[in-house]
Enquirer: 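Quick one: this structure, given as structure tokens, is what I'll be asking you about.
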Amino acid sequence: MRVIKFIVVTFIMCFSFVAGLEAVSGKTHGEIQLEEFIKGNNYISAEKAIHQYEKEHGKKVSLPTKLPFEPSHRFGTIEGEGRLNLHYMKYDATGRCPNLDFVFI
């Protein structure tokens, strides 16, 4: 009887530990807000937006070869007037560094 209780308690503790690890690796509130902002404003990946713009306008998009930071997010959109907007953003979920957002219009 003690062996069965020990096995059941061990199983529950192991399951709780694994479930706790999964919760820690989830998205922060800020990351969820950023994703909602991207989806809510109909942004697509920067690469797709550039390709779509170049195809529609027959013009090659020229961007800087180097930014002062390594972006964590790259997204863009083509506005109704045909203007290409690109966001190159560095998002820091820890809050230790400021979030950076370069917008190319």
Side-chain angles (χ1 to χ4, degrees):
M1 187 70 158
R2 285 185 180 187
V3 174
I4 294 174
K5 285 182 181 180
F6 177 76
I7 292 172
V8 170
V9 169
T10 303
F11 176 76
I12 292 171
M13 289 177 63
C14 289
F15 180 75
S16 298
F17 178 73
V18 171
L21 287 179
E22 186 176 341
V24 170
S25 65
K27 296 178 182 176
T28 66
H29 178 68
E31 289 170 323
I32 293 170
Q33 283 184 318
L34 179 58
E35 288 179 1
E36 288 174 356
F37 170 78
I38 292 170
K39 289 178 186 175
N41 289 293
N42 297 320
Y43 283 107
I44 57 177
S45 73
E47 293 77 19
K48 285 182 182 179
I50 292 168
H51 178 74
Q52 182 179 344
Y53 179 85
E54 290 177 341
K55 186 177 177 182
E56 288 177 5
H57 296 277
K59 296 178 183 177
K60 180 82 173 145
V61 174
S62 179
L63 293 170
T65 56
K66 188 173 181 179
L67 293 173
F69 62 90
E70 181 61 35
S72 60
H73 297 79
R74 297 169 178 91
F75 52 92
T77 188
I78 299 175
E79 292 187 351
E81 305 86 34
R83 186 172 60 195
L84 174 65
N85 291 339
L86 297 173
H87 287 258
Y88 286 77
M89 177 180 275
K90 180 177 182 179
Y91 177 77
D92 179 29
T94 65
R96 287 183 266 156
C97 298
N99 296 322
L100 303 171
D101 187 12
F102 277 29
V103 182
F104 300 99
I105 300 175

Enquirer: Angle class for the F37/Y43 ring planes (parallel below 30°, perpendicular above 60°, tilted otherwise)?
Expert: tilted

Enquirer: Is there side-chain contact between P68 and F102, with heavy atoms separated by less than 4.5 Å?
Expert: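 Yes, side chains in contact.
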
Enquirer: Would you mind writing out the side-chain donor-acceptor pairs for residues 53-67 within the sub-3.5 Å range, not counting sequence neighbours?
Expert:
| from | atom 1 | to | atom 2 | distance (Å) |
| --- | --- | --- | --- | --- |
| E54 | OE2 | V61 | N | 2.9 |
| E56 | OE2 | Q52 | NE2 | 3.1 |
| H57 | NE2 | G82 | O | 3.4 |

Enquirer: Shortest non-hydrogen contact from G76 to A49?
Expert: C-CB, 3.9 Å

Enquirer: What pairs of residues pass the side chain to side chain donor-acceptor pair (under 3.5 Å) test when at least one of them lies in residues 76-86, not counting sequence neighbours?
Expert: E79-R83, E79-N85

Enquirer: Membership question, hydrophobic clusters at under 4.5 Å side-chain separation (ILVMFWY): are Y88 and L100 in the same one?
Expert: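 Hydrophobic grouping puts L100 with Y88.
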
Enquirer: I want to check something: taking the side chain as every heavy atom from C-beta on, are H87 and D101 in contact at a cut-off of under 4.5 Å?
Expert: yes

Enquirer: Should I38 and M89 be regarded as members of a common hydrophobic cluster, given that ILVMFWY residues are connected when their side-chain heavy atoms come within less than 4.5 Å of each other, either directly or indirectly?
Expert: yes

Enquirer: How would you list, by chain and number, every residue that makes a salt bridge (charged side-chain N to carboxylate O under 4.0 Å, His left out) with E31, sequence neighbours excluded?
Expert: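 Not a single residue meets the salt bridge (charged side-chain N to carboxylate O under 4.0 Å, His left out) criterion with E31.
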
Enquirer: Looking only at heavy atoms, which two atoms of I78 and L84 are closest? And how far apart?
Expert: CG1-CD1, 4.0 Å

Enquirer: Side chains of H29 and Q33: any donor to acceptor distance under 3.5 Å?
Expert: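 Side-chain D/A pair, Q33 to H29: present.
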
